[in-house]
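Scope of the values below: all heavy atoms of this structure, side chains included, with no hydrogens, waters or symmetry mates.
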Amino acid sequence: MQKSEFYFLNGGVKYSRTKKWRHRGVVRDTIFALSSGYGKCGVSVIRTSGPASGEALKLLTGWPELPTPRKVILAPISCPNSGELLDRGLVVWFSGPRSFTGEDCCEYHVHGGPAVVRGVLHALGDQHMLRQAEPGEFTKRAFQNGKLDLTEVEGLGDLIHADTELQRRQALRQMSGELGNVYQQWSHRLVTVKG
């Protein structure tokens, strides 16, 4: 079996191989990434999205079946290749389309030490059916799958970068679809005036 190649980029792990899967008629691969910030912290969240998310979850936990969707479960998380225990963390399975991206997704809530995070990212990256996500790719998939419209995507970006209470409130209004609804009303008025 070919060894995975990694290099570090901005504190994260970059994975070099890719494997494409056909999903709902579209060639779609399964991606993974650290969703929370990188650095020493109490809890880090690592997310997968795509058709092989369930298989990866079973490999890392040793479970023969997928857990009940949207139920938080304490699980041992191990390296499938070596069997070494990497951490004991919380795992949440989201079956598509009832997930952020609209695809099968899994979140691993692990202890935030760099060695734990690197270990889980390496274990995911060693699986031939996964590749590391590009920046913003989870949100891009949510948009492509109709889970977010463009104004909600912009609102999410604004919320992530909000420094003030006013910025936070505005971003939340935008994410709730408030701005999109205003634009739809304007569009409807323009079409009816024109017609």
Straight-line distance of [X] [atom1] to [Y] [atom2], nearest 0.5 Å:
X	Y	atom1	atom2	value
Thr151	Met175	OG1	CE	10.5 Å
Ser35	His109	OG	NE2	8.5 Å
Phe32	Ser49	CZ	OG	13.0 Å
Leu172	Leu156	CG	CG	10.0 Å
Ser95	Arg70	OG	CZ	5.0 Å
Arg47	Phe94	CZ	CZ	7.5 Å

Do you know the tightest heavy-atom contact between [X] and [Y]?
X	Y	result
Ala171	Leu159	CB-N, 3.4 Å
Arg98	Lys147	CA-NZ, 4.4 Å
Arg88	Leu74	C-CD1, 4.3 Å
Ala56	Met129	N-CE, 3.9 Å
Cys106	Leu57	SG-CD1, 3.6 Å
Phe138	Thr48	CE2-C, 4.0 Å

**Message:** Looking at Lys140, I'd like to know if its NZ atom is crowded, meaning that more than 12 non-hydrogen atoms belonging to other residues, nucleotides or ligands lie closer than 6.0 Å.
**Reply:** no
With hydrophobic residues grouped by side-chain heavy-atom distances under 4.5 Å, do [X] and [Y] end up in a single group?
X	Y	answer
Leu90	Val117	no
Leu121	Leu85	no
Phe100	Leu130	no
Ile160	Leu148	yes

**Request:** Verify whether one side chain among Gln170 and Arg173 offers a donor that lies under 3.5 Å from an acceptor in the other.
**Result:** yes
State whether the side chain of [X] and the backbone N or O of [Y] hold a donor-acceptor pair below 3.5 Å, judged by distance alone.
X	Y	value
Glu55	Ala52	no
Glu107	Val92	no
Gln127	Leu124	no
Ser36	Val45	yes
Asp104	Gly96	yes
Asp87	His111	yes

**Item:** Salt bridge flag under 4.0 Å for residues Arg141 and Asp29
**Value:** yes
**side-chain contact (heavy atoms from CB on, under 4.5 Å) between Val120 and Leu60, worked out** = CA-CA 9 Å; Val120 176; Leu60 267 69; 4.3 Å; yes
Side-chain touch [X]/[Y], heavy atoms, less than 4.5 angstrom:
X	Y	value
Trp63	Ile73	yes
Glu152	Asp149	yes
Pro114	Lys40	yes
Ser53	Trp93	yes

**side-chain contact (heavy atoms from CB on, under 4.5 Å) between Ser78 and Leu86, worked out** = CA-CA 5 Å; Ser78 300; Leu86 301 170; 5.5 Å; no
